[in-house]
> 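I have a structure I would like to understand better, so I am pasting it below and will then ask my questions one at a time.
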Amino acid sequence: MESPWKVYTSLYLLLIAIGFVSIAGKKTPSSRRAAFHFDESLINIWPLPKQFTAGNRTVTVDPDLALDLQGSGRVSTIVAEAFDRFRNVVFKQQSGYAGGEFDISKITIVVASDDETLQLGVDETYALYVSEGRGRGGEEGKLSIVGGASIEANTIYGALRGLESLSQLCIYNYKLKVVEVNKAPWIIHDEPRFSFRGLLLDTSRHFLPVNAIKQVIESMSYAKLNVLHWHIIDEESFPLEVPSYPNLWVGSYTKWERYTVDDASEIVDFAKRRGIHIMAEVDVPGHTTSWGVGYPDLSPSSNCTEPLDFTKEDTFDVISGILTDMRKIFPFGLFHLGGDEVHDDCWISTPHVNQWLQQRNMTTKDAYQYFVLRAQQIALAHNWVPVNWEETFNTFKENLSSQTVVHNWLGPGVCPNAVANGFRCILSNQGVWYLDHLDIPWEDFYTAEPLEGIHDSSQQKLVLGGEVCMWGETADTSDVLQTIWPRAAAAAERLWSPRDTTSSRNLNATVLPRLQYFRCLLNHRGVPAAPVTNQFARQPPIGAGSCFAQ
């Protein structure tokens, strides 16, 4: 297959040749300013809330906006810090408003619970109210709901989601030099459709510094994604410190491309303060060549380095040690054990492994099952729910732990089969939700439906949600964010918003302008999201033009 980048380069050179692209500073037809009219009737909250009503007034927001935190959760530093981030995002420009008093000078946040535990299914519901204020002429609003703005939530994490929605309603008026909320009064009652709304981040194929991971997490919070699936380790590198087995990270690319225990703990805490879980992955028994760099005996032989050697108890001792150390870092209830792409060539070609199998009258398929089930038992013993890639379910579903969460990736139809057999499931169909597949357009991300083919309501409840996957072979710090965004946002709305509101037949009219607006919002917040309508993701725009009219 011809490389898409080769095709793109050829196309770009062709455009230069025929004069549609500026070169050497020359003005060409494409550099002229295009007429553009933005549709002010659109509701630009992404993802779209479950229920909302809006008015037709514009209210002003005080740059010295105060926080009034009430309820049992008023002691939470997480909400207070979120409010500080809200202010930094909303009031980037210096206000010079000369219009008298502001309509919104205080935001009241009422949080019912002081429990800061972040577990799967934590309550993220919120209600957001914005009064209509005085209006442009200074007259008092007749239908004012509350004085200013308020958020009510059962947990601090619901409050965080409410603050994010409010931040997207706040627009800077460059003429008046003031932050405004249009279409007031607002009444929003919102909650996510799925409890698991994830993004896989691969730091094994290309190392990502801690700050780069934090940037990804921060950007996830803007789209209300709530699970970072951290694919830390793979056959190419083992960058994580494991105190019980200190030579494991000898398998990192270099001594500068590693994560200490403190680094990992810092990432987990950073994510929690944004209502985001970290689901770590240790993929076994395949994808493990890097393990043998520090501990060669874990490999079947020096010439055949993976899958792991299941004939030695030391192998399972190492896995137990890794999970024991990681349990101190990762409090999330799910742990990913991988289990995909287990090629048995090394097992077959290694004499002592073959002998072990023959003595027990076992096949390599039996060995694969034996390994996965033992790894599951280790995870369960550490009070983790095991997550496995779909090959484990496809191969020996009848013997998996009943607690197993099946993670789809190969193609459609897996989740309907998994939930029909009583397992929970996560959707990541590579044909629609793999971000490293640069030719998948935003429309495919948006229309992928986790409940497709599942009609029984009890089985639908077994679908936890889904995640988009940012595999790292073609992405590092230089391009990871523009590869993730904005296509990840398309999936984020599918996972958050009600199904009937995301099932429009005319995506170009009802969704595309809103997604373009959200992409521009990301850009304004410092996230280098790529243009929405790319032939290939990460492709820059050609010629001059508005961010909003790509």
> Any carboxylate oxygen within less than 4.0 angstrom of a Lys/Arg side-chain nitrogen, looking at R499 and E449?
yes
> Restricting to pairs with a member in residues 361-409, which pass disulfide bond (SG atoms under 2.5 Å apart), not counting sequence neighbours?
none
> Mind jotting down which residue pairs meet the salt bridge (charged side-chain N to carboxylate O under 4.0 Å, His left out) criterion with at least one end in residues 73-83? Sequence neighbours excluded, please.
E81-R273
> Tell me which pairs pass salt bridge (charged side-chain N to carboxylate O under 4.0 Å, His left out) where either residue lies in residues 202-224, with sequence neighbours left out.
R85-E218, D202-R205, R205-D234, R205-E236, R205-E473, K214-E266, E218-R274
> Assess, by modelled atom type and distance only, whether the side chains of E257 and T254 contain a donor and an acceptor separated by less than 3.5 Å.
yes
> In this structure, which one of F310, W291, F316 forms a side-chain contact (heavy atoms from CB on, under 4.5 Å) with V284?
W291
> Students often mix this up, so state it plainly: with edges at 30° and 60°, are the rings of H336 and H407 parallel, tilted or perpendicular?
tilted
> D314: what forms a side chain to side chain contact (heavy atoms under 4.5 Å, CB included) with it, not counting sequence neighbours?
D317
> What residues, two or more places apart in sequence or in another chain, satisfy ring-ring contact (aromatic ring centres under 6.0 Å, His included) together with F330?
none
> Return the orientation label for the Y370 and W356 ring planes: parallel under 30°, perpendicular over 60°, tilted otherwise.
tilted
> According to side chain to side chain contact (heavy atoms under 4.5 Å, CB included), who are the partners of S401, at least two apart in sequence or on a separate chain?
Q376, L380, Q403, T404
> Output all residues satisfying side chain to side chain contact (heavy atoms under 4.5 Å, CB included) with V432, sequence neighbours left out; order by chain, then residue number.
N429, D444, A448
> For the residue pair N88 and D84, confirm or rule out a side-chain donor-acceptor distance under 3.5 Å.
no
> I'd like to know if the side chain of S165 pairs up with that of Y126 as donor and acceptor (distance under 3.5 Å, no hydrogens or angles considered).
yes
> Just do the side-chain contact (heavy atoms from CB on, under 4.5 Å) check on I322 and L248 with the steps written out, would you?
CA-CA 10 Å; I322 293 172; L248 280 170; 3.7 Å; yes
> Does anything in residues 363-377 pair up under salt bridge (charged side-chain N to carboxylate O under 4.0 Å, His left out), and if so which pairs, sequence neighbours excluded?
E313-R374
> Parallel, tilted or perpendicular: which describes the rings of F86 and F83, with under 30° parallel and over 60° perpendicular?
parallel
> Run the side chain to side chain donor-acceptor pair (under 3.5 Å) test against D479 and tell me which residues pass, sequence neighbours left out.
none
> Parallel, tilted or perpendicular: which describes the rings of F196 and F332, with under 30° parallel and over 60° perpendicular?
tilted
> Checking D340 now: which residues fulfil side chain to side chain contact (heavy atoms under 4.5 Å, CB included) with it, not counting sequence neighbours?
D283, H287, W389, E391, W409
> So does H382 get a backbone contact from the side chain of R327, meaning a donor-acceptor N/O pair under 3.5 Å?
yes
> Quick one: does E241's side chain have a donor or acceptor within less than 3.5 Å of a partner on V261's backbone?
yes
> Name all pairs fulfilling the disulfide bond (SG atoms under 2.5 Å apart) condition that reach into residues 271-325, sequence neighbours left out, sorted by first residue then second.
C304-C346
> Taking only Lys NZ, Arg NE, NH1 and NH2, and the carboxylate oxygens of Asp or Glu, determine whether D309 and K312 approach each other closer than 4.0 Å.
yes
> I'd like to know if the side chain of R487 reaches the main chain of I440, judged simply by a donor and an acceptor atom lying under 3.5 Å from each other, with no hydrogens or angles considered.
yes
> Just checking, R494 and F445: is the charged tip under 6.0 Å from the six-membered ring centre and within 45° of the axis?
no
> Under the disulfide bond (SG atoms under 2.5 Å apart) rule, collect the residues that match up with C425, sequence neighbours excluded.
C415
